[in-house]
Visitor: 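This is the structure I have questions about; it appears just below.
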Amino acid sequence: QRNRPSGGESFGFAAGTDLYENAETVVPGGTGGGGTRFGGTRFGSTRIMLHSGNDKRRKDTIAMDVKKVLERVSSGVMDVAEAEALLKDLPYEDLGYAKLDHHRKLRSGFGETVFCQGKPDPYLVEIMKRFYERDGEVLGTRASAEQFLLVKEVVPEIEYDAVSRILKVEKKDKERTGCVAVCTGGTADIPVAEEAAQTAEYFGCAVDRIYDVGVAGIHRLLSQRDRLMKANCIIAVAGMEGALGTVVAGLVDCPVIAVPTSVGYGASFHGVSALLTMLNSCANGISVVNIDNGYGAGYLATQINRLAVK
């Protein structure tokens with residue numbers, strides 16, 4: 001059986017599904033009686049906001065990591081029972097429809113990133129809100145302009161870049177170190193390149209953008225060799241035949257991350273031709289990520305850059 005909220009949007013959950021254990025729903029401006037109930041949660045015709053039943057403890061954890069909790073216990077500012085309550089959110093915060101991995105930055109050095117595409121609107125809004133309230137910043141990828149407007153209602157500080165489709169709030173005092181160069185074969189590759197560049201910047205890298213230097217006019221790339229040689233890692237983003245990564249790797253002494261894009265005509269098969277070229281490169285020192293995966297390239301480049309500046 002499929003239930004349809006009174007607002008007309010189909011969520012496709014079976015009746016009685018217990019989506020939000022120990023959760024409650026606030027429906028701003030709601031009529032109180034309308035909407036369809038799933039488990040303990042009522043979906044009305046107006047926008048819904050989900051939050052945990054223990055907001056006070058969650059707010060106390062904002063911008064607080066494990067080290068700060070331990071320091072407070074050691075100094076006597078916080079008692080053991082309070083610290084134990086705060087640490088219960090580790091290793092994740094369970095919203096029922098999402099398990100937010102607040103522990104990830106402690107394990108890997110990178111906080112969790114939100115993949116926005118395909119997420120139901122109320123879920124995305126609450127997920128972005130939770131991460132921002134706890135960490136003071138949040139990064140989302142593959143977001144739409146409509147999703148940006150929804151998130152902005154509850155996180156006014158949120159910023160949206162329509163080219164990269166990045167949705168983020170970033171700490172203003174963030175230091176950016178090292179150098180990651182991001183190159184594109186053509187202007188059409190820039191959306192994927194910007195996803196990579198802004199991901200690396202969000203995670204603390206200084207980024208040098210070198211765009212439209214494809215092999216069809218290789219003199220453009222050769223004229224930028226000095227900039228390439230200063231980088232700790234290079235991201236080469238290209239569609240069509242995808243030769244840019246091979247050429248760049250033949251010029252530099254640092255790792256190159258090749259990103260195939262879906263730019264091209266019919267026989268490019270939406271990026272498969274560029275992917276196969278990059279995987280079969282005769283140059284050494286190339287790693288390859290998935291088609292259009294600028295985020296994955298930016299993340300990997302950050303790991304390499306961090307090792308270089310240690």
Side-chain angles (χ1 to χ4, degrees), residues 5 7-13 19-20 23 25 41 43 46-52 92-105 108 110-171 174 182 189-205 207 235 237 259 261-263 270-271 289-302:
E9 182 177 359
S10 175
F11 285 83
F13 291 104
L19 294 177
Y20 316 111
T25 304
T41 302
F43 289 81
T46 54
R47 178 174 57 85
I48 68 172
M49 288 300 299
L50 305 172
H51 60 81
S52 70
Y92 59 82
E93 180 183 5
D94 193 347
L95 302 182
Y97 55 86
K99 294 174 176 59
L100 308 186
D101 190 1
H102 299 302
H103 194 242
R104 187 174 301 183
K105 187 171 184 178
S108 67
F110 296 83
E112 184 174 0
T113 298
V114 181
F115 184 81
C116 302
Q117 183 178 318
K119 282 185 171 59
D121 291 340
Y123 301 174
L124 174 65
V125 169
E126 185 67 8
I127 289 168
M128 296 291 286
K129 177 173 175 280
R130 292 288 184 104
F131 276 126
Y132 172 64
E133 287 185 338
R134 184 178 180 113
D135 303 327
E137 62 179 1
V138 62
L139 176 66
T141 63
R142 295 298 178 90
S144 66
E146 291 77 15
Q147 288 175 321
F148 161 62
L149 294 175
L150 288 171
V151 174
K152 192 172 179 62
E153 290 182 20
V154 296
V155 184
E157 299 83 357
I158 203 75
E159 298 176 357
Y160 179 64
D161 178 62
V163 174
S164 64
R165 297 167 64 188
I166 290 282
L167 194 62
K168 67 181 177 182
V169 181
E170 198 167 4
K171 293 178 180 176
K174 184 177 294 181
V182 181
D189 301 312
I190 288 177
V192 176
E194 273 300 308
E195 183 181 72
Q198 292 189 41
T199 295
E201 287 176 333
Y202 180 85
F203 288 129
C205 298
V207 173
I235 299 173
V237 185
V259 187
T261 72
S262 51
V263 173
H270 304 288
V289 298
N290 206 350
I291 298 167
D292 292 336
N293 187 11
Y295 170 78
Y299 187 106
L300 179 57
T302 301

Visitor: Among all residues two or more places apart in sequence or in another chain, which pass the side chain to side chain contact (heavy atoms under 4.5 Å, CB included) test with Gln117?
Guide: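 If we apply the side chain to side chain contact (heavy atoms under 4.5 Å, CB included) test to Gln117, skipping adjacent residues, the hits are Phe115, Arg142, Arg165.
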Visitor: For the atom pair NZ (Lys119) and CD (Glu126), what is the distance rounded to the nearest 0.5 Å?
Guide: 14.0 Å
Visitor: Thr261: what forms a side chain to side chain donor-acceptor pair (under 3.5 Å) with it, not counting sequence neighbours?
Guide: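 Here the qualifying residues are Asp189.
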Visitor: Taking side chain to side chain contact (heavy atoms under 4.5 Å, CB included) as the test, write out the residues that go with Asp101, two or more places apart.
Guide: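 Per chain and number, Asp101 pairs via side chain to side chain contact (heavy atoms under 4.5 Å, CB included) with His103, Arg104, Arg107, Glu112.
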Visitor: Test of understanding: with side chain to side chain donor-acceptor pair (under 3.5 Å), list the residues that count as partners of Tyr295, not counting sequence neighbours.
Guide: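 Tyr295 satisfies side chain to side chain donor-acceptor pair (under 3.5 Å) with Thr113 only.
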Visitor: The criterion is side chain to side chain contact (heavy atoms under 4.5 Å, CB included); which residues satisfy it with Ala143, sequence neighbours excluded?
Guide: Cys116, Gln147, Tyr160, Leu167
Visitor: Got Met128 and Leu124 here, is their nearest side-chain heavy-atom distance under 4.5 Å?
Guide: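 They are in contact (side-chain heavy atoms under 4.5 Å apart), so the answer is yes.
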Visitor: About how many Å separate CD1 of Ile166 and CG of Leu139, when rounded to the nearest 0.5 Å?
Guide: 5.0 Å
Visitor: Applying side chain to side chain donor-acceptor pair (under 3.5 Å), can you list everything that pairs with Asp292, at least two apart in sequence or on another chain?
Guide: Ser262
Visitor: For Thr141, which residues count as a side chain to side chain donor-acceptor pair (under 3.5 Å) partner, sequence neighbours excluded?
Guide: none
Visitor: Return the minimal non-hydrogen interatomic distance between Ile235 and Ala301, and the atom names on each side.
Guide: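 The answer is CD1-CB, 3.7 Å.
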Visitor: If every non-hydrogen atom of Asp135 is compared with every non-hydrogen atom of Lys171, which pair is closest and at what distance?
Guide: O-CE, 3.1 Å
Visitor: Rounded at 0.5 Å granularity, tell me how far OG1 in Thr199 sits from CZ in Phe110.
Guide: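 One gets 10.5 Å once the value is rounded to the nearest 0.5 Å.
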Visitor: For Gly294, does its backbone N or O pair with a side-chain atom of Glu195 as donor and acceptor, under 3.5 Å?
Guide: yes
Visitor: I'd like to check the salt bridge (charged side-chain N to carboxylate O under 4.0 Å, His left out) partners of Glu170; sequence neighbours left out, ordered by chain and number.
Guide: Lys168, Lys174, Arg176
Visitor: Rounded to the nearest 0.5 Å, how far does CG of Leu100 lie from CG of Leu95?
Guide: 4.5 Å
Visitor: Closest approach of Val259 and Ala297, non-hydrogen atoms and distance?
Guide: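 Reported closest heavy-atom pair: CG2-CB, 3.4 Å.
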Visitor: Is it the case that the side chain of Asn290 and the backbone of Asn293 share a donor-acceptor pair, with hydrogens and angles ignored and the cut-off at 3.5 Å?
Guide: no
Visitor: Is there a side-chain contact between Val263 and Val192 in this structure, where contact means two heavy atoms from C-beta onward sitting under 4.5 Å apart?
Guide: no
Visitor: Might you point out which heavy atoms bring Val289 and Gly296 nearest each other, and give the distance in Å?
Guide: CG1-C, 4.3 Å
Visitor: Applying salt bridge (charged side-chain N to carboxylate O under 4.0 Å, His left out), can you list everything that pairs with Lys152, at least two apart in sequence or on another chain?
Guide: none
Visitor: The criterion is ring-ring contact (aromatic ring centres under 6.0 Å, His included); which residues satisfy it with Phe131, sequence neighbours excluded?
Guide: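 Testing Phe131 for ring-ring contact (aromatic ring centres under 6.0 Å, His included), a comparison that skips the adjacent residues, returns His102.
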Visitor: Closest heavy-atom contact between Ala200 and Thr302?
Guide: CA-OG1, 3.5 Å
